[in-house]
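Below, all heavy atoms of this structure are taken into account, side chains as well, without hydrogens, waters or symmetry copies. As the structure is a computational prediction, the values presented were derived from the model and not from experiment.
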Amino acid sequence: MKQVLHNKLVEKKKLGKKSFAVLIDPDKVNAAAIEQIVSLSVDAKVDYFFVGGSLVISTHLDECIQQIKAACDIPVVLFPGSPSQVSKYADALLYLSLISGRNPELLIGQHVLSAPFVKKSGLEIMPTGYMVVDGGAPTTVSYISNAAPIPADKTDIAMCTAMAGEMLGMKLIYMDAGSGAKTPITEKMIEKVSSHIESPLIVGGGIIEPEKAYLNCKAGADIIVVGNAIEKDASLIKEMSAAVHSSFVRV
Ligand code: 1GP
């Protein structure tokens, strides 16, 4: 199996380099918005585009990714809410297992059903332990997943969940307070989790200020994901990216 992006991430983590990912929800952007986001992202040296959403209603996922790929070299990583959000035009797929929940469908069920199709896609598959943390608002992800999030102050539960995910073979851990979360994940939880795993740690959900992105990185996040705030104000891409990259930690 391909491991190009994953190897790069591991390498970056060893060097203490942080990455910034812009999340594009195909439901919320048209071609003009994608053009603007891509252009600002290239200028701001954004590291990845994550594409997907808990509920993608529109049918232009392929077109959305093809447009991004035609305009730049920034890798496109699928962040799917369901197996229908797999596109061969992307570079990689976060192969998410919702390890914070107890919904068997999202732990393994949907993976079984879509395995041959996913394998045939030729995408780089990145096994990802996906942990939803309470962000103070009922988000689409918690409703759709029908699974309780980890309480925001239960850092030990988050730590043990991430450790278990890693020992089960997940190559990445993604802590998500949910898109549009009122309260993003605390630095305390990020510190606790990151100090107990070796895998790169992705953090997102409700990050609206560059300062927060910076603090999250200092606490141990390796990739910061921002969606909502950028949909509202694309000019934030520059500041967010600069904040994440300035948090470089020499290790
Ligand atoms: C959600 O982590 C992502 O799954 C990003 O969240 O849209 O709130 O930035 P926001």
Side-chain angles (χ1 to χ4, degrees), residues 3-25 46-54 74-81 85 90-101 106 124-133 135 139 141 145 149-150 158-159 161-166 168-179 181 184-187 189-207 212-230 240-241 243-245 247 249:
Q3 291 219 16
V4 185
L5 288 189
H6 181 259
N7 287 346
K8 262 193 200 153
L9 267 174
V10 171
E11 196 53 38
K12 276 179 134 186
K13 186 175 173 80
K14 271 190 209 148
L15 298 170
K17 287 188 180 165
K18 310 294 181 171
S19 303
F20 180 52
V22 169
L23 173 63
I24 296 180
D25 182 338
V46 164
D47 300 279
Y48 306 100
F49 286 116
F50 281 11
V51 178
S54 305
I74 300 173
V76 173
V77 179
L78 291 166
F79 174 39
Q85 293 174 41
D91 297 289
L93 167 78
L94 295 180
Y95 200 51
L96 305 167
S97 180
L98 184 62
I99 58 173
S100 61
L106 301 178
E124 175 175 344
I125 308 298
M126 305 168 104
T128 304
Y130 187 50
M131 295 167 46
V132 178
V133 177
T139 54
V141 63
S145 65
I150 296 175
M159 173 192 83
T161 306
M163 287 170 75
E166 185 174 68
L168 279 165
M170 312 282 171
K171 300 274 195 257
L172 302 169
I173 297 292
Y174 189 154
M175 286 208 289
D176 195 348
S179 197
I185 295 173
T186 62
E187 278 80 40
M189 185 178 272
I190 295 170
E191 253 166 41
K192 188 89 179 190
V193 168
S194 69
S195 59
H196 286 83
I197 59 169
E198 283 164 31
S199 314
L201 178 63
I202 308 171
V203 174
I207 300 172
K212 187 73 186 165
Y214 175 85
L215 292 173
N216 278 195
C217 289
K218 285 286 181 197
D222 296 292
I223 302 182
I224 296 293
V225 187
V226 179
N228 253 275
I230 286 169
M240 283 284 186
S241 189
V244 169
H245 294 139
S247 64
V249 188

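Every residue meeting the salt bridge (charged side-chain N to carboxylate O under 4.0 Å, His left out) condition with Glu187, not counting sequence neighbours, appears here in chain and number order: Lys212. With sequence neighbours excluded, the residues forming a side chain to side chain donor-acceptor pair (under 3.5 Å) with Asp222 are Lys13, listed by chain and number. Take Thr128 and apply the side chain to side chain donor-acceptor pair (under 3.5 Å) test, not counting sequence neighbours, and it matches no residue. For Leu5, the side-chain contact (heavy atoms from CB on, under 4.5 Å) partners at least two apart in sequence or on another chain are Tyr48, Pro75, Val77, Asp91, Ala92, Glu124, Met126. Under the rule for a ring-ring contact (aromatic ring centres under 6.0 Å, His included), the partners of Tyr95 that lie at least two apart in sequence or sit in another chain are His111. Applying the side-chain contact (heavy atoms from CB on, under 4.5 Å) test to Ala181 and every residue at least two apart in sequence or in another chain returns Ala177. Listed by chain and number, the residues in a side chain to side chain donor-acceptor pair (under 3.5 Å) with Ser19 are Lys12 (sequence neighbours excluded). Lys171 pairs by the side chain to side chain donor-acceptor pair (under 3.5 Å) definition with nothing, not counting sequence neighbours. Take Ser179 and apply the side-chain contact (heavy atoms from CB on, under 4.5 Å) test, not counting sequence neighbours, and it matches Asn228. Residues forming a side-chain contact (heavy atoms from CB on, under 4.5 Å) with Ser100 (at least two apart in sequence, or on another chain): Leu98, Met131, Val132, Ile150. Shown here are the ring-ring contact (aromatic ring centres under 6.0 Å, His included) partners of Tyr130, two or more places apart in sequence or in another chain: Phe79, Tyr174.
For Asp47 (side chain) and Ala21 (main-chain N/O), no donor-acceptor pair under 3.5 Å exists by modelled atom type. A side-chain donor-acceptor contact under 3.5 Å links Lys18 to the backbone of Cys217.
Closest of all the heavy-atom pairs between Met170 and Ser97 is CE-CB, 3.8 Å.
Rounded to the nearest 0.5 Å, atoms CD1 (Ile185) and CD1 (Ile190) are 6.0 Å apart.
Exactly one of Ile125, Leu78, Leu172 qualifies for a side-chain contact (heavy atoms from CB on, under 4.5 Å) with Leu94. That residue is Leu172.
Side-chain contact between Tyr214 and Ile224 is absent, with no heavy atoms from C-beta onward closer than 4.5 Å.
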Let me have the donor-acceptor pairs involving side chains of residues 196-207, under 3.5 Å, with sequence neighbours excluded, atom names and distances please.
residue: His196; atom: ND1; partner: Lys192; partner atom: O; Å: 2.8
residue: Ser199; atom: OG; partner: Glu166; partner atom: OE2; Å: 2.6

